[in-house]
Amino acid sequence: MIGILKSMATTMKHALDGNTFTVEYPEEEPEVSPRFRGVHKFSQERCIWCRQCENVCPNNTIQIVTDDQRNGEQYNLHIGQCIYCRLCEEVCPVDAIILTQNFEWTADTKDEFALDKEQLKNVPWYKDIDPLEAREPDRGVWIGEGEGEVDYQ
Amino acid sequence: MAPIAPIAAPLQSAPLPETIAELLGLDPNQPAVMFVLAFLAAGAIVSVLMGMTAVLGIWGKRKITAAFTDRIAVNRHGPFGLLIIPADAVRLLSKELIVPEGVDRPAWDLAPLVIASSALLGFAVIPFGNGIQIADPETGLAFVFATASIASLGLLMAGYASNNKYSFMGGLRAVAQNLAYEIPLVLTGASVVLFTGSLQMSEIVAAQNEALLTLGGVAIPSWFVFINPFAFVLFMVANLAEVGRNPFDIPEAPTEIVAGYQTEYSSVYFVLIYLGEFIHIFLGGAIVATLFLGGPSGPVLPGFVWFFAKMIAVYLFTQWARSAVPRLRIDQLIQIGWKGMLVLSFANLVLTAVIVGVIQSA
Amino acid sequence: MSLEEPEPDDGVIEAAEEVGVTTEGLDYDALAELVGDRLLDREDHVNAEGFVIRPDDVQDVLFDLRDEAGFDYLSCVTAQEYDDRYESIYHLKKYDEPTHELSVVVPSTKDDPRNQSANAVYRTADWHEREAFDLVGIEYDDHPDMRRILLPETWQGHPLSQDFSGEEPQIVTLREHANPLQEDHRGDDADTMFVNIGPHHPATHGVLHLKTVLDGEQVADVEPDIGYLHRCEEQMCQQGTYRHQIMPYPDRWDYISAGILNEWAYARAAEDLADIEVPEYAQVIRTMSAELCRIAAHLLALGTFALDVYGDFTAIFMYAVQDREVVQNILEDLTGQRLMFNYLRLGGVAWDIPEPRDEFFEKVRDMLDDMPEKLTEYHNLITSNEIFQLRCVDTGVLPPEEAKSYGATGPVARGSGIDFDLRRDDPYGYYDELDWDVVTEDGCDNYSRLLVRMQEVEQSARIIEQCVDLLEDWPEDEREIQANVPRTLRPDPDTEVYRAVEAAKGELGIYMRSDGTDKPARFKIRSPCFSNLQTLPVMSEGEYVPDMIASLGSLDIVLGEVDR
């Protein structure tokens, strides 16, 4: 009997001490680490269309279309199909694609998750956590001359 | 249903229909009038109970479970999340009633009604205090036990008629469990009757009203929980088994047989079974309060407030047990019922008889 | 290496009767002599030698190897197809000495691929050979139950064989398939009831189908039917490059936050295949993150086991998930994700400890400080509860001999008293430089498996603490996180390797064969839950249904790993 009473006492202690573990989202912001891998952001100016990201993607989520002069025309990324492994960011030689912490992305149909160049350029940063400091420190090339504002050219 | 003369405390007065009749100036001896008034009184009590079930079953259960698990539960709809109650009610009632193929039709439909109504029937003789009691027969306690155990029939009907192996297993387990724990329950209740000398519910409550002893200015009433705590513990355990709560929730063990006897019920039937389960818990709480906790007695606040508080306290206890106690396997449960509890309740009965005999001869 | 290593280093005492055991390791010539003239050829794999034998000699050779050379553990049965033949490879190991490995290679002809089943020698071969038949197409003679296991029984073709086009129609008409609306019929033995537990069920830890025959409340027979989560991960990995593309996939085998342990299995096998050496700093980080994953996985196992035994409203599950959240937050800071980490790379890890380092170490230390108190709470809630003991002691009994024959590893084996842990016996990472113990219990029942898991959480906490101390003091210019690995990795052709690590559920092994390209030619995953699940009928026959559910919970299977 003592064991049962000990168990019951333990749960009652939890009930009475009033600590809750709940994060009341969306009023409270959940803690997201700077390294969190969320939706991608793409910079057309930086991209050299080398297709490394397309090659390395494990499930062929990135689709690049270039014309015969190797000028980039389309860069499509299906954020619903993506597994957020970050290999594209890792192999990109010019840091043209980066994963933000943004996990708040909704759409009505699955096809709306296939983002093209424009949409990928406009993906917002999540709150004000700077994702770049968590990566190798020399990626300060992303920060432009503004007041800590990311100058996305 | 002649009105009884009040015995000791002002808590005892006429049953409710008589009171209403006197208030309205009608003649309490006309059967037709009394019939209608009894209906009205029953309707009032049932509404209050249903309301309590709705609040505690939908909102209260979530809040209590959340407290035990370090969470904040419903807090979005309305103040403190109370608007979840109508939301949930509408949601449950608006679901599709799926009738599986091959169910045994009249039995399957009647089972939820039997489960819910057997508990409500038991409330007919419970003394809530301040004269709120629908009827007060001389065999009130036996009536309560009898009606509460009709629910086993309902569980069996649900289990068998559902044409589903899980329900079948759940129904059989439920019957085995109810049979095993009914006898200790009644025997322990009988030991209380030995103290009071009467099966009438109002008399049982009245017999607990005198002060047992006075400690530093506070009079401890002679509730049977203080006189015979052993019987109280036995009764609580047997009550847990009767209502099917941890550690005895094997009839509807969700992780083994999905939902046991409830598996095939949806929409209204599910609501009836769900409510019925809660009303059984409240009925168990009401019996415990009447038999051991002095019914509606308590300082300052009116009687029925104390009575409801005691019912809710027993309900909280079942939720607490649910969060911390594992469930017993069916054969262990039956063994404890027939070998452990039965022997203990007989011992309790004999002991009580001896004590009563000694006190009376002294 | 544990300070309580039972055998001295030159363990000749018990192994004196075993053929081929010397103080320097395994003497393959002596073993070749044992096999005698049944030996057709000897191959050289990276982990061990391979003895090629005839398809009809399988049982004889394996009996000899088991009884006289002491190979009591069949860890993996790999089937593959070459251009000119089929092959089944039986990887043999010893429970007492897992570094003694031997691969028995059985070739068979292209037009009639079959060989003798090893089921008579090792019971674990039952399901492994069924899987080989299912995916590759080799048939096994004398097998008690030669049916498909992962794919539906009406599937056409064998996916991992070379002539699988994927064009065969797989939608089977009702005429060929059993009628699902068929009336229930009574068999001749009308006293038993057949119940399908799962695949939709609150307790089956995923989509698992248990075909149970009940006699009243007792289980007369239970047959697990798996394959509902089969994604053919092996083929997916065979289509990805070694260097980058395979690494996200191991996270998805045991997906209950044991990702880094799975990734380490792949990393260890690929690094041995391509002969890459991992810097020491990276090894320490790998060890620390792997043990964090182990804690998270065991906490969830504890929570779901409590759900099975305590009922749905138990507070223990929520407490376990809360405690696991803390660990997941730390892993998120380190790797970037909470469940699918993709953190290890061939040659090291992807990232160093996040800056500022002190904050991270403080977080980890806080978590470790809270751990003993939480474990005491769990002991109060679970192990000292009398009703729990009534339910779990002496139920789900798995005798150690059966466990060995079925190839059970991990907490399942250690709960039956078998002292087998790859972190100590076949060391990798930084485990042999740290001070920790292997936990075993002798009870062989559900209770002891649970105790093993709870105590392993303590041991993991010890390891993490030592790693954090090391990492904090590591000189700044020696913090190498990745070795210099070329961007495209092409291992030498025709090299085969089988390597295993101690994952959260047991021995997770990977067999890889390279053919000179940058993608593996054969990638076989030896999953611990697959072998552990096979012991369920042994544990639960004759017991009650609630005990079977509790045994299933104590086996702690993850369907992603069982089905891959």
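Every value quoted in this text rests on a predicted model; they were computed, and no experiment measured them. All values below come from the heavy atoms of this structure, side chains included, with hydrogens, waters and symmetry mates left out. Proteins get letters first, then strands, A, B, ... in listed order; numbering begins at 1 in each.
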Kindly check if the number of other-residue, nucleotide or ligand heavy atoms within 6.0 Å of NZ (K211(C)) is above 12? yes
To the nearest 0.5 Å, what is the distance between CZ (F317(C)) and OG (S323(B))? 15.0 Å
Evaluate whether atom CZ of F80(B) has more than 12 neighbouring non-hydrogen atoms of other residues, nucleotides or ligands under 6.0 angstrom away. no
Are any of the side-chain heavy atoms of V325(B) and Y310(C) separated by less than 4.5 Å? no
Looking at side-chain heavy atoms only, is the closest gap between M169(B) and V545(C) below 4.5 Å? yes
Short question: side chain of Q322(C), backbone of T69(B) - any donor-acceptor pair under 3.5 Å? yes
How many angstroms lie between atom CZ of F388(C) and atom CZ of R327(B), to the nearest 0.5 angstrom? 12.5 Å
Can you confirm whether F346(B) is buried at CZ, in the sense that more than 12 heavy atoms of other residues, nucleotides or ligands lie under 6.0 Å from that atom? no
Chain C contacts, top residue of I330(B), L172(B), D70(B) (heavy-atom pairs, under 4.5 Å): D70(B)
Between T395(C), L390(C), V309(C), which is the residue that forms a side-chain contact (heavy atoms from CB on, under 4.5 Å) with R329(B)? T395(C)
Portion of I382(C) that has a non-hydrogen atom of chain B nearer than 4.5 angstrom: neither
Give the minimum heavy-atom separation between Y319(C) and F68(B), together with the two atoms involved. OH-O, 2.6 Å
Distance, nearest 0.5 Å, that separates CD of E543(C) from CG of D331(B): 10.5 Å
Tell me, yes or no, whether the heavy-atom count around Y160(B) atom OH, taken from other residues, nucleotides or ligands under 6.0 Å, exceeds 12. no
